[in-house]
There are 10 protein chains.
Amino acid sequence: MTPIMSKSDAAALVSAARIRRGLTWAEIAKELGAPLVWTTAALLGQHPMTREQAARACAFLGLEDEVAESLQLQPSRGSAPEVMSDPTVYRFVEALSVYGPALKELIHEEFGDGIMSAINFQVDISRRPDPDGDRVVVTFDGKFLDYKW
Amino acid sequence: MTPIMSKSDAAALVSAARIRRGLTWAEIAKELGAPLVWTTAALLGQHPMTREQAARACAFLGLEDEVAESLQLQPSRGSAPEVMSDPTVYRFVEALSVYGPALKELIHEEFGDGIMSAINFQVDISRRPDPDGDRVVVTFDGKFLDYKW
Amino acid sequence: MTPIMSKSDAAALVSAARIRRGLTWAEIAKELGAPLVWTTAALLGQHPMTREQAARACAFLGLEDEVAESLQLQPSRGSAPEVMSDPTVYRFVEALSVYGPALKELIHEEFGDGIMSAINFQVDISRRPDPDGDRVVVTFDGKFLDYKW
Amino acid sequence: MTPIMSKSDAAALVSAARIRRGLTWAEIAKELGAPLVWTTAALLGQHPMTREQAARACAFLGLEDEVAESLQLQPSRGSAPEVMSDPTVYRFVEALSVYGPALKELIHEEFGDGIMSAINFQVDISRRPDPDGDRVVVTFDGKFLDYKW
Amino acid sequence: MTPIMSKSDAAALVSAARIRRGLTWAEIAKELGAPLVWTTAALLGQHPMTREQAARACAFLGLEDEVAESLQLQPSRGSAPEVMSDPTVYRFVEALSVYGPALKELIHEEFGDGIMSAINFQVDISRRPDPDGDRVVVTFDGKFLDYKW
Amino acid sequence: MTPIMSKSDAAALVSAARIRRGLTWAEIAKELGAPLVWTTAALLGQHPMTREQAARACAFLGLEDEVAESLQLQPSRGSAPEVMSDPTVYRFVEALSVYGPALKELIHEEFGDGIMSAINFQVDISRRPDPDGDRVVVTFDGKFLDYKW
Amino acid sequence: MTPIMSKSDAAALVSAARIRRGLTWAEIAKELGAPLVWTTAALLGQHPMTREQAARACAFLGLEDEVAESLQLQPSRGSAPEVMSDPTVYRFVEALSVYGPALKELIHEEFGDGIMSAINFQVDISRRPDPDGDRVVVTFDGKFLDYKW
Amino acid sequence: MTPIMSKSDAAALVSAARIRRGLTWAEIAKELGAPLVWTTAALLGQHPMTREQAARACAFLGLEDEVAESLQLQPSRGSAPEVMSDPTVYRFVEALSVYGPALKELIHEEFGDGIMSAINFQVDISRRPDPDGDRVVVTFDGKFLDYKW
Amino acid sequence: MTPIMSKSDAAALVSAARIRRGLTWAEIAKELGAPLVWTTAALLGQHPMTREQAARACAFLGLEDEVAESLQLQPSRGSAPEVMSDPTVYRFVEALSVYGPALKELIHEEFGDGIMSAINFQVDISRRPDPDGDRVVVTFDGKFLDYKW
Amino acid sequence: MTPIMSKSDAAALVSAARIRRGLTWAEIAKELGAPLVWTTAALLGQHPMTREQAARACAFLGLEDEVAESLQLQPSRGSAPEVMSDPTVYRFVEALSVYGPALKELIHEEFGDGIMSAINFQVDISRRPDPDGDRVVVTFDGKFLDYKW
């Protein structure tokens with residue numbers, strides 16, 4: 001018996017294949033017929049794929065069955081602290097540190113005592129053209145859940 | 001000479017006045033003619049207000065001049081760690097931990113090597129009605145900045 | 001304008017009144033007609049009370065209006081690290097550290113990819129008589145939420 | 001002499017075999033005639049198994065003797081911090097952070113000065129059907145131990 | 001309503017009275033008819049006293065009723081990290097760091113899988129005369145608890 | 001030239017041999033004619049052995065010369081944080097957190113300003129039969145050292 | 001006897017006076033005839049001032065003698081972690097995290113094994129006009145110190 | 001499929017080749033026609049190189065194609081904590097800790113509310129001769145970005 | 001009853017009196033007839049003084065009896081982390097980080113398995129004239145203690 | 001191309017060779033004609049050696065050229081936290097925690113505002129015979145550097 005390939009090893013092979021084949025994440029998502037951010041996150045190890053999704057992704061990328069097996073694993077989610085301090089990711093962390101308490105106030109004002117779900121949840125990213133320089137627009141969209149006993 | 005009231009003391013008085021007068025953050029923002037999230041963040045101490053904004057906010061809330069003086073101070077921005085673990089704020093932290101690496105990949109794919117600015121930046125929050133339960137929609141919108149030597 | 005009394009100051013006064021009047025948390029919960037754990041948590045500052053609940057609790061405990069005002073505040077939830085290392089609380093932390101991964105496996109096996117909500121959630125505590133020594137039984141009961149894009 | 005296989009390596013092989021054979025934790029627990037959460041925790045490395053339990057588990061899963069030897073080892077218990085921040089496990093951590101002080105108050109009120117044992121202790125998990133969505137019910141059941149000099 | 005004096009404030013007053021009256025902890029323990037380490041720990045805030053014990057201690061030390069009220073409070077146990085790095089306390093921490101794994105092995109060898117209770121537990125300290133310099137002898141004595149499902 | 005086997009690798013081989021040969025730590029200590037806790041700690045890597053002790057231990061356990069060479073190395077002492085949170089070890093940590101300040105007071109009262117040495121020091125462990133359940137008795141015995149300039 | 005005013009209290013009064021009198025740091029530095037960054041750092045508590053400098057600064061700002069006394073104190077230097085995460089300061093931290101290892105390589109290549117002194121050291125800040133947006137230019141200028149036994 | 005060589009492995013090979021061939025970072029930067037600090041940082045893994053830059057660097061250093069592939073990877077930027085405590089790097093950290101708050105004040109005074117970009121940014125290092133010992137001069141030069149909603 | 005003045009409050013008053021009276025630590029040590037470093041450390045709160053020493057120091061400095069009472073208290077020793085990062089103190093920390101492992105090797109080589117006592121210990125500081133700049137010479141002098149069971 | 005052997009691997013081989021050949025650090029230092037503490041620190045990876053020193057050390061110890069190449073590398077200096085908690089090293093850390101603030105006061109009193117250099121710096125260790133037990137004497141000797149703008 002051999003252990004199942006870890007999700008981080010699988011993600012490293014997905015990245016290598018993607019770069020060497022000259023594919024974009026968008027092309028892979030299109031091939032899978034799945035949302036762009038979801039697909040990217042899943043291939044990086046944050047969501048389990050179905051057997052069909054994993055097989056199709058590996059066929060498209062020319063990867064072995066061991067990778068497909070790993071992509072179906074239930075993940076342990078989350079990122080190491082060093083990932084959060086990469087400048088591209090850190091700007092989101094900083095924005096939360098500045099605007100988090102205001103978002104909390106406004107969620108409570110609009111919806112009452114509760115939270116935005118991070119499970120019944122989707123994220124989207126897009127480019128918004130702007131004469132002063134195009135903009136990155138990221139939308140967090142989660143179901144409101146009220147504290148209910 | 002007395003020190004200027006700290007921004008956290010000012011925020012506590014703003015909150016007390018807002019609640020006792022039965023005002024919403026939206027009503028205050030409207031009174032100031034300023035964006036909702038910006039106004040909330042500024043009154044909580046994360047942005048300096050102009051003299052006029054501070055005076056108008058304090059008049060609307062029935063607060064003393066000392067509060068208005070504090071609201072104009074240049075802040076030291078950011079939230080204490082215990083704020084980030086409040087469940088309403090934490091869901092955003094968790095979403096970043098799950099989707100941060102995917103967002104990084106997709107920013108680089110779409111824009112090249114760089115970041116979404118957290119300075120030339122705005123946040124918006126809205127309610128999206130949904131038959132399965134209304135949704136909290138938060139949009140991060142920042143100018144793309146490429147690494148440029 | 002004075003700031004609203006902090007929830008920790010209010011909790012200290014609730015505790016002082018409860019002990020000096022010789023009341024149990026169960027008697028207070030009964031007076032409020034609210035669940036026992038919820039009532040205790042709310043009076044310790046983890047849930048906002050309605051105006052009526054706060055007024056009734058303060059009347060029962062002989063506390064001032066300032067306490068009632070504080071009890072209605074939207075809380076910033078969570079406990080300081082030193083609270084989690086008190087032996088009575090730590091045993092729960094230790095149990096999670098030992099059984100957390102097993103609970104994760106079994107939630108995924110029974111329900112699929114998702115979580116037990118900590119928002120649509122209730123806790124109960126009871127005494128189970130046992131000839132070898134009575135037992136503390138604590139039940140966590142939360143709605144299953146599946147990862148849904 | 002070779003070292004005994006580590007419990008984490010053994011757990012990785014147990015998981016690989018379980019998935020490849022299409023077995024559930026419940027089926028393994030039934031095969032062993034042992035409680036579900038206990039069995040899962042033990043196979044993940046948190047409890048030592050008897051020689052018979054280990055042999056039976058390995059036979060059922062088609063695993064080598066080295067795995068069985070490892071499963072009998074006395075463990076060093078507990079989970080790494082990154083395990084505790086996986087969202088499925090974190091919800092329990094968050095619930096403790098919110099309700100821990102209330103549970104402490106109520107244990108002292110009902111039983112006196114002492115703790116719920118985490119050693120003379122069992123955990124159970126079940127599904128409770130609910131028209132608004134089925135619920136995860138987890139029961140912590142430990143002997144009360146009073147501070148006794 | 002005023003809050004109950006904190007246990008750390010009460011301990012500071014106990015220490016001041018003890019020193020100014022020239023009393024030893026041993027004399028106080030004898031006055032209370034209670035074990036030495038238990039009495040010291042209780043007066044420092046780690047154990048609740050009965051009404052009688054608290055009253056007697058305060059009478060002996062010439063302390064106010066507010067102190068006696070505080071001494072009866074259920075404590076939140078444990079010491080701040082800076083206390084653990086005082087050299088006199090740190091030597092115990094260091095000894096645990098060096099001998100902890102060996103003690104774990106020997107508890108399991110002698111008793112099986114389980115722990116020494118820190119609740120059904122007592123500590124004693126004594127001086128052992130020795131020609132090479134007298135010795136501090138500290139005995140930890142706790143009931144063995146085996147992992148029992 | 002090859003590096004000397006690390007003490008943790010040596011300890012892993014000692015443990016494997018001990019278990020496979022069905023030996024107890026007590027039998028090994030008896031074979032070496034050395035104290036029980038010292039022997040266990042030394043074989044786990046916390047004390048250097050003499051050439052004779054190392055050779056005898058390896059002969060008794062059927063281990064290679066490389067292990068004997070490692071057992072004679074001067075150690076870097078102490079345990080990783082994850083070892084200290086294993087429940088069997090943690091109970092000692094918790095006892096120190098509760099009773100550490102009291103022990104400090106009583107050492108100063110009995111001996112003056114100074115510490116219990118953790119170097120001129122020995123630990124013993126024994127079983128004390130008790131009708132309510134046998135007890136683990138651990139004795140820390142160190143020379144008193146006074147602050148002396 | 002009263003304690004000397006803390007440097008952080010003095011800095012808060014300096015800031016209040018500076019803002020209320022409408023003075024810039026540059027004007028204060030000019031008044032003192034001292035470098036701009038040094039003056040700002042000294043008034044914020046990071047350098048001791050001479051009696052004359054402190055007196056002149058307080059006269060210019062209309063501050064009490066207690067402030068002047070504090071400004072002459074030998075400081076304990078450095079900033080709290082929360083200061084380092086303010087976005088304006090954090091960009092310098094991030095730049096160090098990205099370029100620190102390269103600066104180390106180049107110092108060693110140009111100067112040999114050693115460091116840039118942070119004691120025999122000066123910092124300057126200036127604005128460099130640029131058609132694409134003016135630039136902040138900060139110069140660290142320290143004596144090279146080679147490792148010398 | 002094999003994973004792409006990690007940037008830290010590539011940096012180790014670059015360093016080995018540079019030292020064995022007796023090349024300076026300055027010679028490599030000249031060969032690439034790129035700024036000195038940028039080139040050093042890029043080869044240490046903090047910036048992606050173009051295909052041409054990577055190929056040229058590897059040809060100059062006699063390195064394999066696998067290294068060139070790695071040098072083109074988009075990096076995860078930043079340094080581990082142990083790098084920041086190396087004395088040569090730490091002096092910069094210390095200078096920031098001492099002068100960071102002053103730099104923040106002066107950026108706001110000269111430019112208004114905003115930051116020095118660490119993305120539209122360049123660093124330079126030079127030697128300034130001085131009779132009292134030559135000096136290391138490091139210039140941080142970044143575009144000012146104002147908080148703009 | 002009032003609590004005894006804390007050692008940090010006493011140290012702040014000692015410092016204020018010392019500065020306002022224009023006294024050096026050396027003059028105070030001479031007045032007490034005690035070693036220089038010991039006296040300074042004791043007045044800063046790291047050693048208890050005898051009644052006579054405390055009275056004499058307070059008389060010399062013109063301080064109240066409350067300070068003298070505090071100076072006799074048994075201290076809880078050690079410094080907060082922010083003290084250790086002050087540059088003047090940090091250089092010692094850095095030297096230990098660089099030379100600590102070498103000192104350990106050489107203590108074991110010269111003395112065997114054991115430590116330099118930090119209790120039976122004295123520190124001295126002096127100025128050594130040097131044409132290239134005078135030198136700070138600090139001597140740590142502690143009794144060797146061998147690991148002795 | 002192969003990477004240069006890491007300094008920690010080289011140090012492990014130096015230690016193995018030293019022990020197997022029965023050499024002391026003092027003998028190696030004598031062979032190199034270099035100071036004792038410097039030599040030990042350099043061979044443990046904290047200082048770069050010249051080509052001649054490295055060759056001579058490796059010849060004396062019978063080590064391969066790869067080790068000599070590594071010994072010439074510019075190091076990243078400092079020790080991991082677990083090294084600092086080894087008891088032999090920790091006593092120095094503790095002494096700094098107790099006497100650090102006093103040393104800071106006395107450096108400022110004797111020399112003015114500045115530091116003891118840890119770069120223009122040497123350490124020595126010696127044995128001082130004493131009838132009550134020989135003593136470890138460690139001398140830190142660094143050039144005074146005054147804060148100079």
Side-chain angles (χ1 to χ4, degrees), chain A residues 4 7 29 32-43 45-51 53-54 71-78 97 100-125 139-149, chain C residues 4 7 29 32-43 45-51 53-54 71-78 97 100-125 139-149:
Chain A
I4 299 181
K7 287 211 167 247
L32 294 185
L36 178 59
V37 181
W38 184 90
T39 302
T40 309
L43 289 170
Q46 296 289 336
H47 287 302
M49 286 189 149
T50 62
R51 179 184 299 269
Q53 289 170 321
L71 291 173
Q72 300 171 56
L73 268 190
Q74 172 68 35
S76 186
R77 290 177 168 98
S97 181
L103 292 172
K104 176 176 162 70
E105 288 285 334
L106 295 168
I107 287 173
H108 297 321
E109 176 164 309
E110 174 65 26
F111 294 89
D113 184 22
I115 64 159
M116 173 195 75
S117 178
I119 307 298
N120 189 325
F121 177 74
Q122 60 203 25
V123 202
D124 201 17
I125 183 170
T139 309
F140 285 15
D141 173 344
K143 185 179 173 185
F144 176 73
L145 304 179
D146 60 316
Y147 268 94
K148 186 149 82 183
W149 193 267
Chain C
I4 299 180
K7 288 212 165 246
L32 294 186
L36 178 59
V37 182
W38 183 91
T39 302
T40 309
L43 289 169
Q46 297 288 337
H47 287 301
M49 286 189 149
T50 62
R51 180 184 298 270
Q53 290 170 321
L71 291 174
Q72 300 170 58
L73 268 189
Q74 172 68 36
S76 186
R77 289 177 168 97
S97 180
L103 292 171
K104 176 177 163 69
E105 288 285 335
L106 294 169
I107 287 173
H108 297 321
E109 176 164 310
E110 174 66 26
F111 293 89
D113 185 23
I115 64 160
M116 172 195 75
S117 179
I119 307 298
N120 189 325
F121 177 75
Q122 61 202 24
V123 202
D124 201 17
I125 183 172
T139 309
F140 284 16
D141 172 344
K143 184 179 173 184
F144 176 72
L145 304 179
D146 59 317
Y147 268 94
K148 184 149 84 183
W149 192 266

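First the proteins, then the strands, lettered A, B, ... as listed; each starts at 1. From a predicted model like this one, the values you see are computed outputs, not experimental measurements.
At a heavy-atom cut-off of under 4.5 Å, chain A is reached by C/Leu145, C/Asp146, C/Tyr147, C/Lys148, C/Trp149 from residues 142-149 of chain C, listed in order of number. Residues of residues 101-111 of chain C that come closer than 4.5 Å to chain A, counting heavy atoms only, are C/Lys104, C/His108, ordered by residue number.
Heavy-atom distances place no part of C/Ala34 under 4.5 Å from chain A, backbone and side chain included.
The choice from C/Val123, C/Ile115, C/Asp141, C/Asp113 that makes the most heavy-atom pairs within less than 4.5 Å of chain A is C/Asp113.
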